[in-house]
Amino acid sequence: MPTYGRLPVTFTKGEGAWLWDQNNKRYLDALSGIAVCNLGHAHPAIHEAISKQSQTLLHTSNLYGIEPQEQLATQLCQLSGMDNAFFCNSGAEANEAAIKIARLYGHEKGIENPAILVMKQSFHGRTMGTLSATGNPKIQEGFSPLLSGFIHVNFNDIKAIKNTLKLHNNIVALFLEPIQGEGGVNIPANNYLNEVRAVCDQNDLLMMLDEVQTGIARTGAWFAFQHNNITPDVCTLAKALGNGVPIGACLARGKAAHLLTAGKHGSTFGGNFLASSAALAVLKTIKEQDICQQAFDKGLLINQKLSTALKNNEHLVDIRNKGMMIGIELNMPCTQLVQLALEAGLLINVTNNSTIRLLPPLIINSEQIDLLVDTLSKLIDQHIQ
Ligand SMILES: *Cc1c(COP(=O)(O)O)cnc(C)c1O
């Protein structure tokens, strides 16, 4: 079905941050399959893990023990400070689990009609539940009746949260992205997540973070919430967790960790041998090569280099980044740059109509960084006038 407006290119192979098309033209990938291939394409450690696992077992279902899944849960909990994990196959599914946890939490507290506070300009997925939580009317258009029980407030506005809490006595959880990805690479104030944590503690609400895009080293830490030294009650992951093998996870802690019991939730494929082995190889590689620090340093470097290259462009509003989640906001629409960059051999993305979003593979090297900055800044200077 025509669910995507596809660009006129088909890739046939990749290596690291490079991709090649059917005509053997080479492209620099500054999008990583939308924050999925954080370790780049055709990574030998992922290849080896998948190929080795496929020689013994791919899938047996969650009716039986799955050793790599148990290892993965243990490692994710160690890295995040969470207590347990539910595995599924996508970001939307991970968020569905979080929404179900919040509702169970409310009902356990005796709240019959529990509501979840969510953010305007957020993105949580395309299922009926997650698109109802999403704060973007375009994504919801045509799909009413939406799932009820979501209240949208402004992002990065702690007062808006406090005021809304005064107006409703059925709110049981806050659910938000630490940095809004699809909404335009919106990075909140430094202490925003700390304030959200405090509000949740004071009002006995679950703090639930959608780290589907920010998680797994993208922002220069394993999880974006670690920049704030807090721990959420629920944290969802997907995109980069399998470096391209579909896997999602909903991590939970404390009072949120034991609400989904046998019969309350499930997934046929979730956390099977193949996906769990791929994710274990991802975690091992990030640890061994100190990729969190690399992402932090390279993100800063790209921001500095872009700022220098674009310093005379009067349409530049802001260049912002947290690690390798980078937004270049212009004061005019710039969606045409996606096609122009493609022709120039560079893959980028534009969100929110006027923000160029870069999500390069975290393993990008310094020559590739220079090529990225050079190609992109020239395109912007040429076409944004
Ligand atoms: C991509 C994304 C999702 C949806 O993930 P899918 O795997 O496409 O279902 C949810 N939340 C955020 C923050 C995302 O970036």
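As the structure is a prediction and not an experimental result, all values here were calculated from the model. Order of listing sets the numbers, starting from 1, for every ligand and every atom in it.
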Next item on the list: If the plane angle is over 60° it's perpendicular, under 30° parallel, otherwise tilted; pick one for Phe296 and His227.
Entry: tilted
Please tabulate, one line per pair, the protein nitrogen or oxygen atoms found under 3.5 angstrom from a nitrogen or oxygen of ligand 1, with distances to 0.1 Å, or say none if there are no such pairs.
from	atom 1	to	atom 2	distance (Å)
ligand 1	7 (O)	Gly91	N	2.8
ligand 1	9 (O)	Gly91	N	3.4
ligand 1	9 (O)	Ala92	N	2.8
ligand 1	11 (N)	Phe123	O	3.3
ligand 1	11 (N)	Asp210	OD1	3.4
ligand 1	11 (N)	Asp210	OD2	2.7
ligand 1	15 (O)	Gln213	NE2	2.8
ligand 1	15 (O)	Lys239	NZ	2.6

Quiz prompt | Side-chain heavy atoms of Leu31 within contact of Ile348, under 4.5 Å | solution = no
Taken in chain and number order and not counting sequence neighbours, the residues that satisfy side chain to side chain contact (heavy atoms under 4.5 Å, CB included) with Thr60 are Leu57, Tyr64, Ile66, Phe273
Between Lys255 and the options Asp204, Asp233, Asp201, Asp83, the salt bridge (Lys or Arg N to Asp or Glu O under 4.0 Å) test singles out Asp204
message: For Asp21, is there an ion pair with Arg26 - N to carboxylate O distance below 4.0 angstrom?
response: no
Exercise. Examine Phe150 and Leu174 and state if one hydrophobic cluster contains both, with Ile, Leu, Val, Met, Phe, Trp and Tyr joined whenever side-chain heavy atoms are less than 4.5 Å apart.
Key: no
